[in-house]
Each structure stands twice: as structure tokens, then as C-alpha cells.
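Structure first, then comments.
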Amino acid sequence: MEALSPLEKKLLLELQRHDGSAAPEEIDMELVKTMNAASWLQSKRLVNMEERLVKEYELTDEGRRFLEEGLPEKKLLSMDGAGVDEVEEKFGKKDAGIMIGWAVRKGWCKIINKDGRKFIEITEEGRKAMEREQPEELALKEIAAGNHEIESSTAEILKKRRAIKERERIHRKIVLTERGWEIVNKGIEIEEELSQLTPQIIRSGEWKKKKFRRYDVRAFAPSIYAAKRHPLSQLIEKIRRIFAEMGFSEISGGYVESAFWNMDALFIPQDHPARDMQDTFYCKKPDKIEIDEELLNKVAEVHEHGIDGSRGWQYSFDKDESKKALLRTHTTVNTIRYLYQNPVPPAKVFSIERVFRRENIDSTHLPEFHQIEGIVYEEDANFGMLKGILREFYTRMGFEKIRFRPAYFPYTEPSMEIEVLFMGRWIELGGSGIFRPEVTKTFGIEYPVLAWGLGLERMAMILLGLKDIRTLYFSDIKWLHELPLL
Ligand code: PHE
């Protein structure tokens, strides 16, 4: 009761006065206010709104003429036995046609052919009918008097004869529900209530004396879909903030890279399956990217014979293979180049960027996706720290259960994969490890480098509860609207 506004109370009282049901127009209130109050009361289940589609009619000029003069076919009575030509002469060709047409159709007259002329012969039925008021005429009278409940077959005929026009209208009735009656029966009192707290009311102290209207937090309100960023952009922002808060700086790179930086510099052997055309998009234009000869020689040497106690891969390095242009397959290319350009420790950098792989698209795979890449390069960096950073990151992203599994990457040792628990299943979200000496020593990096590359879309799927990773890129507007802010 206390959550009812004065207008709602007023409407309830009005409905009580009308025995529980009334058309909005019958309520002694402004129509807009009635409709507003009714919709609030409806959401509180105190009233129902009954809607009925009804037909309403209006007389046309022709209809008014029928009403004044009677139906044209009735006038034929005075012409019994006359020739059709005489009828036409008296009433005009058009009207005569209408009169005779309808009279024949109704069985009121027959046309007799005699000596090449046509004559009117009124039937017995016709004679009787023409003396009586016809259903059409009765209906026209009703309509003229504002009554719209007309036999539908008669209305159809009058419509066809263009005597009336039909339009459809919605008739509304506001009806008290059982709960509405309960409230009404308890007795409703309308007292002045304040619905807004203004500075004046506070200053004057008036608020102490006044009664305030209660909020009904369960009341219906239309959803408003405010503009917001795409969920992936929101996630990227959140991840940026997390790494920034942990003391990292952001770096970036380009989509097109050489096999040298994407793979060779990371000690990925040139016959590694991931380098296959099946897995990597190689570019036609440019199909080659030049590499500094000295750098190339260094990396070739490490691949062939190793460095700092390593024996390398023991194969013959192909420098042309190094120069092949490709779409980067991981963002580890960003961090290795950063280290090459910034060999002086310490460093803590990350990137969140797009990578490309020749994957067939399905519910968990995309050929383009984002990786959350990062490194920590400092004297005391160690494996425990790596686990701590990743655990911290995923915890801040909202994951409670995280676990690490041993893994293998050609450029890290030790290596591990990170998995999170989602709906009872462990899901792999990324790889990490400490860069091998074959990677670091080549570029004069002296301290350990902790490195990771994590999938963004997989994580987004889990956080957004998606069954299909493609949803992220469908731009389904309904889904986007209804998605809460992250
Ligand atoms: N580059 C790896 C991948 O794309 C992830 C990774 C990054 C692994 C850094 C170890 C170190 O899956």
C-alpha cells in the first residue's frame, strides 16, 4: 500500500466506484495519468488491462442518402410493369442500374423480354419487402445513432455498396484483479506524499513533517541499453590496467613479420611443423623481408652449433627461409625483438595483439585471435615468480582455480601451460616458460627472462559464458545490448 502513488490510489478508488472495471475514458482523471497509473498498477498485478479490437462504422454520403430516401431498389415498386428504358429515363442510367441490379439480386424483381424490350416484374417477395424496413436501413439508423454493433453480414453489404466506412479500434478496459480488490477493500486513503527530496525541503526542515513515498524496487521499468564498448575491448582495457598496475609497460608490433623474428630468433628449428604452410600464413607481397646479415649469421650459428654449452639443432640453416614474410603466429615476436633492442635489464613489458594461424573455424578456433604476451627480465627472475605473476593475473581476472602443467616450447626451459577450472573442466589458456640460453645469449641477454603468451578469446569465452567463440565477432546487437558491463 505504501508503495502506491496518489494517482495509483486514485485510480483504484475510481475502479471501485465503477464496480471493478472501466474504460480509461470513464475514469475521472486526465487520460495520460490514468494510463500511466494503470500500467504501474498492472506491473504490481493490481489491475489487468483488457484490450478488444472492435469495428466502428461511419456513414458515407451515399449512406446518408440511403438513410433519407430509403434503399434505391425500393423505389422500383412504383415501376412494376414498366420498361427498363423507362426506369432509366426516370432515374438516370446509373441509378437505374443500381436499383435493378440489387432488386434482381435480392429476388425482388425479374426482367421479362417481350418484343425486343425488357420489362420490370416485381415478385411477390419483392412487393412485401419493399414495403418493410430493410436490415440495411435499420443498420444505417443504428450507425447514425452511434451504435456500432451491426450484424456483420449487413455491414459487409453496406461496405460493398459504399454506404459505410469501417475502421478498427482498440477498446480498453481497466479491470481490478483479485489482489486489487483486496487492497481496495482494506480501504484506501489518499494523503499527500513527497516523491522527491529537494534542497529546500532539507533546508526548511519540512522533511521531518512530511511523508515520503516508498520506492518499489521491484516495479517494472523499461530496459535502457546505454552505449558501451564491445566486450572484447572492455576485456582488453581491463587486462591493460592489470598489467599496468603490476608495473608493466605496453609494447606493440606489426602483423607482417619475417620468419627470422617470428621463429628463428626464438630457436624454433626450420623444420618445425608449426612453420609449415598448413599452419602459417606466408605473404606474397612482400614475400621477403631483409634481415641484418650479422644478426642472421649469429642466429644461424646458434641453430647449427649452439651457444654457451648448447649443441644447437645440428642442421644446415637456410637463410632464405629466415627472410620469408608471414603473418605473425604469436606475439612472442614482440618480446624477443624488444629484448634485442633493449638488452639492458630490467624490463617488464606486455602486449595484447592479434595473431594469425591457419586454423579451420569452429566453435573453439579462429584463424585470427589475440594473445596477451609478456616478459619479466631481471637479475632475480625465477620460475616461482613466473607462476606468481600468472596466478596473480588470472586471479585479478576473476579465476579462482588455476593450475600449471609441464609443457614444451622450443624457446623456453622449463615450460608450462596454464589451465583454469571452468564448469568442472580444466581449460588451457596459455603457454609460458623461461627463455632458453639459445634465445637470450644470442642477443646478449644475461639475466633470466620469464615469458608468457595467453589466449584472449578463449578466456573471453569463459568469462562471458559463450559456447561458441565466433559469437565474439558476430556483432549480434541483441547479445551486445544485453551483455552487462564487465
Ligand atoms: N608463443 C606461445 C604460443 O603461442 C606461448 C608462449 C609464449 C610460450 C612465451 C612460452 C613463452 O602458444
Side-chain angles (χ1 to χ4, degrees), residues 257-280 282 288-326 328-347 357 371 373-387 404-418 430-453:
E257 288 282 359
S258 59
F260 177 82
W261 282 112
N262 193 81
M263 292 144 174
D264 298 330
L266 287 163
F267 199 54
I268 300 174
Q270 291 190 322
D271 62 356
H272 192 282
R275 299 178 71 132
D276 204 288
M277 294 279 285
Q278 303 301 317
D279 296 296
T280 301
Y282 287 91
K288 248 183 166 176
I289 293 175
E290 284 308 322
I291 308 295
D292 177 76
E293 198 58 28
E294 200 188 321
L295 206 54
L296 197 50
N297 286 333
K298 249 196 217 169
V299 169
E301 169 66 19
V302 173
H303 276 243
E304 289 179 347
H305 309 296
I307 188 171
D308 195 31
S310 157
R311 295 170 58 232
W313 294 115
Q314 308 269 321
Y315 69 98
S316 164
F317 190 86
D318 178 356
K319 290 182 187 167
D320 287 332
E321 189 61 38
S322 281
K323 294 174 189 166
K324 279 189 180 166
L326 48 76
R328 65 177 174 205
T329 60
H330 56 183
T331 40
T332 316
V333 60
N334 288 347
T335 48
I336 186 60
R337 203 201 338 257
Y338 180 86
L339 284 172
Y340 161 67
Q341 289 166 346
N342 303 273
V344 182
R357 288 183 196 174
Q371 283 189 323
E373 194 81 29
I375 50 166
V376 170
Y377 168 36
E378 62 183 50
E379 189 172 359
D380 299 325
N382 59 49
F383 202 61
M385 234 164 109
L386 176 61
K387 294 207 298 198
F404 302 110
R405 270 195 347 178
Y408 172 80
F409 301 100
Y411 35 97
T412 49
E413 179 60 36
S415 308
M416 65 180 181
E417 269 167 5
I418 304 108
S432 68
I434 301 180
F435 278 154
R436 297 172 69 105
E438 287 94 333
V439 175
T440 52
K441 290 274 157 49
T442 317
F443 300 107
I445 308 292
E446 289 304 328
Y447 295 141
V449 177
L450 316 179
W452 57 89

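Hydrogens, waters and symmetry mates play no part in the numbers below; they use all other heavy atoms, side chains included. All figures in this text were calculated on a predicted structure; none of them were measured in a lab.
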Check: [Y] and [X] side chains under 4.5 Å, non-hydrogen atoms:
{"X": "Lys387", "Y": "Ile418", "result": "no"}
{"X": "Ser322", "Y": "Leu296", "result": "yes"}
{"X": "Val376", "Y": "Trp452", "result": "yes"}
{"X": "Phe383", "Y": "Met416", "result": "yes"}
{"X": "Tyr377", "Y": "Phe435", "result": "no"}
{"X": "Thr329", "Y": "Thr280", "result": "yes"}

Can you name the nearest heavy-atom pair linking Ile336 to Val333, along with the distance?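 Shortest heavy-atom contact: CG2-O, 3.5 Å.
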
Work out which heavy atom in Ala259 is nearest to a heavy atom in Leu326; give both atom names and the distance. CA-CD2, 3.7 Å

Show me the pairs that pass salt bridge (charged side-chain N to carboxylate O under 4.0 Å, His left out) and involve residues 328-346, at least two apart or across chains. Glu257-Arg337, Arg328-Glu353

Give a yes or no on whether the backbone of [Y] and the side-chain of [X] come within a donor-acceptor separation of less than 3.5 Å.
{"X": "Thr412", "Y": "Tyr408", "answer": "no"}
{"X": "Asn262", "Y": "Ser258", "answer": "no"}
{"X": "Glu378", "Y": "Pro346", "answer": "no"}

Those residues that, when tested against [X], pass salt bridge (Lys or Arg N to Asp or Glu O under 4.0 Å) (two or more places apart):
{"X": "Glu321", "answer": "Lys324"}
{"X": "Glu379", "answer": "none"}
{"X": "Glu293", "answer": "Lys319"}

Taking everything shown except Glu294 itself, do over 12 heavy atoms lie less than 6.0 Å from its CD?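 Count not over threshold, so no.
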
Can you list, pair by pair, the side-chain donor-acceptor contacts under 3.5 Å of residues 441-451, counting residues two or more places apart and other chains?
| residue | atom | partner | partner atom | Å |
| --- | --- | --- | --- | --- |
| Lys441 | NZ | Asp308 | OD2 | 2.9 |
| Thr442 | OG1 | Glu438 | O | 2.6 |

Can you tell me how far [atom2] of [Y] sits from [atom1] of [X], rounded to the nearest 0.5 angstrom?
{"X": "Phe404", "Y": "Leu386", "atom1": "CZ", "atom2": "CG", "value": "7.0 Å"}
{"X": "Asn334", "Y": "Gln371", "atom1": "CG", "atom2": "CD", "value": "9.5 Å"}
{"X": "Phe409", "Y": "Glu417", "atom1": "CZ", "atom2": "CD", "value": "5.0 Å"}
{"X": "Phe267", "Y": "Thr440", "atom1": "CZ", "atom2": "OG1", "value": "11.0 Å"}
{"X": "Trp313", "Y": "His303", "atom1": "CH2", "atom2": "NE2", "value": "8.5 Å"}

Side-chain polar contacts of residues 269-276 - donor-acceptor pairs under 3.5 angstrom, sequence neighbours left out - could you list them?
| residue | atom | partner | partner atom | Å |
| --- | --- | --- | --- | --- |
| Gln270 | OE1 | Asp318 | N | 2.7 |
| Gln270 | NE2 | Asp318 | O | 2.9 |
| His272 | ND1 | Ala274 | N | 3.0 |
| Arg275 | NH1 | Asp264 | OD1 | 2.8 |
| Arg275 | NH1 | Ile268 | O | 2.8 |
| Arg275 | NH2 | Asp264 | OD1 | 2.9 |
| Asp276 | OD1 | Gln278 | N | 3.0 |

Take Ile307 and Lys298 through the test side-chain contact (heavy atoms from CB on, under 4.5 Å) and record every step on the way to the result. CA-CA 10 Å; Ile307 188 171; Lys298 249 196 217 169; over 6 Å; no

Go through it in stages, so that I can follow the logic: the residues are Lys323 and Glu290, the test is side-chain contact (heavy atoms from CB on, under 4.5 Å), and I'd like the CA-CA distance, side-chain angles, deciding distance and then a yes or no. CA-CA 6 Å; Lys323 294 174 189 166; Glu290 284 308 322; 3.8 Å; yes

Please report the C-alpha distance between His330 and Tyr411 in whole Å, then the side-chain angles of each, then the deciding distance to 0.1 Å, and finally whether the ring pair (Phe, Tyr, Trp, His ring centres under 6.0 Å) criterion is met. CA-CA 13 Å; His330 56 183; Tyr411 35 97; 5.7 Å; yes

Report the relative orientation of the aromatic rings in Trp261 and Tyr340; use parallel for angles under 30°, tilted for 30 to 60°, perpendicular for over 60°.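 Geometry flag for Tyr340 against Trp261: tilted rings.
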
